[in-house]
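All remarks here apply to the structure that follows.
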Amino acid sequence: MGGGRKRGRTQRRHFKQSRENVWKHETKQSRSDDPSAEGESNPTWQPFATQNPGFEEYYKEQGIVPEDEWEEFICVLRKPLPAAFRINLSGQFCKDIMLQLENDFIQSLKAEVNDVCEMEAIRPLPWYPGKLAWHMNFSRMQLRKNQTLERFHEFLKQENEVGNITRQEAVSMVPPLFLDVHPDHHVLDMCAAPGSKTFQLLEMIHQSIKPGLLPNGLVVIANDVDVQRCNLLIHQTKRMCTANLVVTNHEAQHFPTCSFMKDHDELFKGEEELSKSNLQFDRVLCDVPCSGDGTLRKAPDIWRKWNAGMGSGLHRLQVEIAMRGIALLKVGGKMVYSTCSMNPVENEAVVAEVLRRSRGSVKLLNVSNELAELVRRPGLKTWKIKDKGLWLASYKDVPKYRRNVVLPSMFPSGQSYGETVISGDLQKKTEIVGSNPGEEKGERMSHPENVGTQCQTMCENLEKIAAPTDTYQAESKPEEVSSKIVSSEKLDGDSEEISGFPLENCMRILPHDQNTGAFFIAVFQKLSPLQVFPINLVRQSTESRHHPSAKISENLDDEPKQEINLSNVQDEHNNAAALAGSTVDIAVKQSTDISVNDAVCTTDEGFVEAGVSNNKEIAPVEIKEVKGKLQTQGKWRGIDPVVFFKNQTIINSIRSFYGISESFPLEGHLVTRNSDSNHVKRIYYISKSVHNILQLNIQIGERLKITSVGLKIFERQKLNDASSPCSFRLSSEGLPLLLPYISKQILCASLADFQHLLQYRTIKFADFVDAGFGDKVSSLISGCCVIILKEGDRTTDDIVVDASTIAIICWKGKTNLSILLSPADGQELLERLAVRFGSRPSTLSEQHEVADIEIDEVENLSTGSMKDYDAVDEDIAS
């Protein structure tokens with residue numbers, strides 16, 4: 001019984017030698033840049049196919065471009081995508097980088113233009129404000145392979161790594177521009193990874209903010225469902241060095257509502273105080289997952305994978321995410337919905353469904369006057385669905401066995417054709433507006449003690465409800481019905497469906513217009529709170545009517561102070577025809593928008609909103625009433641808790657050691673990820689707005705799964721000398737914020753000494769060019785210190801901090817001074833100084849050689865003058 005006799009050592013050696021290592025690649029020197037040569041050496045290698053008959057047939061039928069432009073469109077789509085990048089406006093060297101591009105690289109790269117359509121190698125994008133975004137006439141592959149572009153490629157990599165620029169596709173920069181973000185806005189990025197748009201939003205919030213100050217707003221929640229993508233998001237946004245960011249890990253369509261109100265009086269509080277107990281957003285960026293066929297130029301492997309069903313499979317999720325974003329948006333706020341897809345099922349169909357469900361609460365804005373130099377096309381008003389090789393013009397053409405996959409909302413009219421046209425549209429409008437159709441867990445009731453009675457009455461009267469037409473007209477004006485729904489006569493004919501919504505206000509960016517990728521953008525504005533309709537009770541009663549064995553899972557007769565246990569109902573639209581003829585006309589008053597995954601209980605003591613968590617993320621926790629407050633939930637699995645740092649002894653030692661001014665608030669703004677304050681390794685600084693979010697999150701039982709928060713400002717340093725007054729050193733990320741408030745452990749160095757520190761990283765006190773500076777360093781207390789670059793006519797005793805101040809963190813030892821800066825950051829800063837001041841840093845040996853030469857010249861000069869005097873004396877004597 002076993003695997004048989006083991007091989008001997010000789011046999012094993014021969015066995016290994018006889019096997020070919022399929023994972024071993026050739027060295028870089030043996031590789032050829034010529035694809036044909038690579039194909040000869042590897043007969044199995046084939047270049048990516050840039051043709052797909054199904055793709056061409058589908059988009060020709062949809063009419064996304066005029067027939068006379070089709071050849072140009074498909075030709076550009078098969079070419080590699082030119083690279084692009086954006087300069088960080090809030091970066092310290094923003095102007096230096098712009099000057100270097102204009103005065104250096106534009107001239108040096110002129111000879112590298114290889115596209116007849118392009119006149120310049122690199123150029124600023126004409127539609128991006130302030131010449132901050134640049135287009136390159138090179139693909140990413142060309143940048144890596146072309147030896148003549150090596151210097152420019154290294155420049156891009158280095159500046160991107162330190163955060164001075166962000167390498168990003170040109171059309172990907174467009175959606176944040178239409179959000180019109182201000183420094184005091186609360187912004188939600190629902191599907192944020194990999195983080196380039198989040199970084200762009202952070203730039204907008206931090207623009208025109210002086211050193212040492214923080215904006216009042218925040219990009220709270222750069223959210224993503226994938227933990228690994230969240231890590232990429234954190235890495236990207238870390239370069240921004242901001243205290244106004246919270247990164248969360250939730251499914252966007254199930255993003256939790258954060259509301260906490262103790263009593264009804266809070267409804268009448270001012271906006272600022274109300275925002276502390278109810279998290280809503282001024283701006284929402286909804287860049288949803290999509291089929292991505294707009295990125296064919298960047299990802300040519302999509303040509304092979306593409307099929308018409310890719311967009312249809314994502315439509316339901318995209319609608320859910322968009323409606324969740326609308327629910328989290330403040331009245332008057334804006335939301336941008338965007339995809340990198342050209343498929344109308346993922347674009348116009350989703351926009352039309354959002355407008356349909358919102359029932360006048362949301363408006364699709366016309367932004368054609370903004371970014372005038374950006375070439376864009378209007379959205380489509382009509383389209384078709386292709387399913388299993390069959391073209392479908394309306395939902396009535398969908399075979400019954402496919403109606404759980406092809407939804408009514410995918411078509412221009414959105415009608416299900418269950419009874420009449422209006423009732424079909426009404427069926428869509430009776431769903432919970434602002435809901436998560438995949439997670440219909442609960443709804444608002446007027447009073448919990450009447451919940452059971454309401455449910456029983458609702459189920460008994462389902463078949464006695466007034467005609468759908470009357471119900472619809474009671475909630476919407478008759479003229480609005482005719483303007484938003486295609487008439488029955490048009491739908492019964494052979495003509496295509498045409499949407500009644502103003503979808504021409506959407507924007508389509510096509511590749512051949514400005515040599516970019518493809519993108520879709522729609523801008524919404526919220527006009528009034530969304531209405532909530534308990535559609536899942538209707539569905540359950542309908543199911544019980546058609547399937548007697550089905551039962552309603554909610555226990556609505558529980559005590560009002562306990563959490564209502566709701567089941568997670570997946571919206572499959574299976575009962576569309578059954579629900580078309582029956583509706584529930586229930587008006588529910590609310591002060592703010594409500595998430596569908598929340599159950600609301602109202603008691604005599606106050607108004608409590610209990611969140612129902614997603615079972616995939618965290619197990620449900622019973623909420624008990626303890627002195628009017630909610631108990632804190634347990635930790636999220638694998639995520640360290642966010643804890644306010646309140647160790648006053650450590651805070652005082654830090655403030656005293658670095659001489660931090662009392663005007664810079666530390667108390668209440670420091671957080672850690674370790675509840676043991678004596679073993680904290682890192683301390684993070686948060687803005688006032690983030691502080692309010694964290695306080696609210698604690699009050700509601702930590703519904704937000706926070707993976708990253710705040711700006712790292714202090715780090716624990718292991719000290720050999722236990723008598724040191726401070727065990728925490730400054731962090732490079734937090735230095736720009738803290739620098740204007742530091743009065744101790746700070747010195748000003750000359751350009752030569754500053755460059756030598758960056759170049760050698762450790763210098764002995766006696767080796768500084770300025771001997772006086774070396775003496776000052778030696779007199780500092782051992783530990784962390786800050787060195788500022790002296791500029792202009794200032795003396796080393798003058799320490800003035802402004803937006804142009806360049807500073808680094810160092811460590812003062814017994815005999816030397818060392819910088820606490822990564823090698824990449826140090827090298828980049830060294831080159832920035834060389835560009836700004838036009839001087840290459842000399843080595844220490846060169847400095848000593850110069851000093852020796854100067855001494856020799858002085859000695860020679862004195863000796864020569866004495867000889868001259870002696871010769872004169874001899875002449876006189878003779």
Side-chain angles (χ1 to χ4, degrees), residues 85-97 130 132-133 156-168 172-173 175-177 179 181-189 192-224 229-248 283 285 287 669 671 682 684-690 693 706-713 730-739 803 806-807 809 821-822 824-825 828-829 832:
F85 63 92
R86 190 185 68 256
I87 303 173
N88 181 3
L89 178 61
S90 60
Q92 190 174 27
F93 297 102
C94 173
K95 294 181 179 180
D96 293 353
I97 292 175
L132 293 173
L156 293 177
K157 290 194 298 183
Q158 190 174 68
E159 300 301 334
N160 181 77
E161 181 66 24
V162 299
N164 288 332
I165 70 169
T166 299
R167 300 175 71 178
Q168 183 181 1
S172 177
M173 305 175 192
L177 296 178
L179 273 178
V181 174
H182 294 213
D184 60 338
H185 280 167
H186 283 46
V187 185
L188 171 63
D189 191 351
S196 55
K197 295 184 185 66
T198 307
F199 198 97
Q200 195 175 352
L201 293 171
L202 286 168
E203 291 177 14
M204 295 176 180
I205 280 192
H206 281 272
Q207 66 182 353
S208 71
I209 298 297
K210 296 181 179 180
L213 299 178
L214 289 173
N216 296 325
L218 71 158
V219 176
V220 84
I221 317 191
N223 177 73
D224 203 87
R229 287 171 62 85
C230 277
N231 292 334
L232 177 60
L233 171 62
I234 294 168
H235 174 74
Q236 281 273 44
T237 54
K238 182 178 65 175
R239 303 173 301 133
M240 185 63 195
C241 301
T242 177
N244 293 64
L245 175 69
V246 179
V247 178
T248 59
R283 300 289 187 266
L285 178 59
D287 188 48
H669 290 265
V671 297
R682 301 173 187 87
Y684 300 86
Y685 193 87
I686 58 173
S687 65
K688 181 181 178 182
S689 53
V690 174
I693 297 298
I706 298 175
T707 58
S708 176
V709 63
L711 173 67
K712 184 170 66 174
I713 193 169
L730 301 174
S731 171
S732 296
E733 291 93 328
L735 181 60
L737 177 65
L738 195 59
L739 186 61
I806 300 174
I809 297 176
L821 197 66
S822 69
D825 290 347
E828 193 278 334
L829 181 55
R832 286 285 113 224

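What you see is a predicted model, and the numbers here were worked out from it, not measured in a lab.
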Provide the closest heavy-atom pair for [X] versus [Y] in the form atom of the first, atom of the second, distance.
{"X": "A243", "Y": "Y685", "value": "CB-O, 3.4 Å"}
{"X": "S687", "Y": "S689", "value": "OG-OG, 3.0 Å"}
{"X": "P176", "Y": "L201", "value": "CB-CD2, 3.9 Å"}
{"X": "L739", "Y": "A807", "value": "CD2-CB, 3.9 Å"}

Output, in order, the C-alpha distance, side-chain angles, deciding distance and verdict of side chain to side chain contact (heavy atoms under 4.5 Å, CB included) for Q168 and F199. CA-CA 11 Å; Q168 183 181 1; F199 198 97; over 6 Å; no
Criterion side chain to side chain contact (heavy atoms under 4.5 Å, CB included) on T237 and T242, from CA distance to verdict: CA-CA 8 Å; T237 54; T242 177; 5.9 Å; no
Candidate pair M240 and S90, rule side chain to side chain contact (heavy atoms under 4.5 Å, CB included), full reasoning: CA-CA 9 Å; M240 185 63 195; S90 60; 2.9 Å; yes
E828 with R832: basic N within carboxylate O range, under 4.0 Å: yes
Pairing of K197 and D287 as salt bridge, 4.0 angstrom limit: yes
Test side-chain contact (heavy atoms from CB on, under 4.5 Å), reference L132, set I165, N88, L89, output is L89
Report all side-chain donor-acceptor pairs from residues 229-236 shorter than 3.5 Å, counting only partners two or more places apart or in another chain.
residue: R229; atom: NE; partner: D224; partner atom: OD2; Å: 3.4
residue: R229; atom: NH2; partner: A193; partner atom: O; Å: 2.8
residue: Q236; atom: OE1; partner: R239; partner atom: NH2; Å: 3.0

Measuring from atom [atom1] of [X] to atom [atom2] of [Y], what distance do you get when rounded to the nearest 0.5 angstrom?
{"X": "H186", "Y": "R283", "atom1": "NE2", "atom2": "CZ", "result": "13.0 Å"}
{"X": "S196", "Y": "R167", "atom1": "OG", "atom2": "CZ", "result": "12.5 Å"}
{"X": "I87", "Y": "D96", "atom1": "CD1", "atom2": "CG", "result": "10.5 Å"}
{"X": "Q92", "Y": "I97", "atom1": "CD", "atom2": "CD1", "result": "10.5 Å"}
{"X": "Y684", "Y": "S731", "atom1": "OH", "atom2": "OG", "result": "9.0 Å"}
{"X": "L711", "Y": "L737", "atom1": "CG", "atom2": "CG", "result": "6.5 Å"}

Any N244 side-chain heavy atom under 4.5 Å of H206 side chain: yes
With side chains defined as the heavy atoms from C-beta onward, is the minimum distance between I205 and V181 less than 4.5 Å? yes
Evaluate the criterion side chain to side chain contact (heavy atoms under 4.5 Å, CB included) for residue pair Q200 and L177; output intermediate values, then yes/no. CA-CA 9 Å; Q200 195 175 352; L177 296 178; 4.0 Å; yes
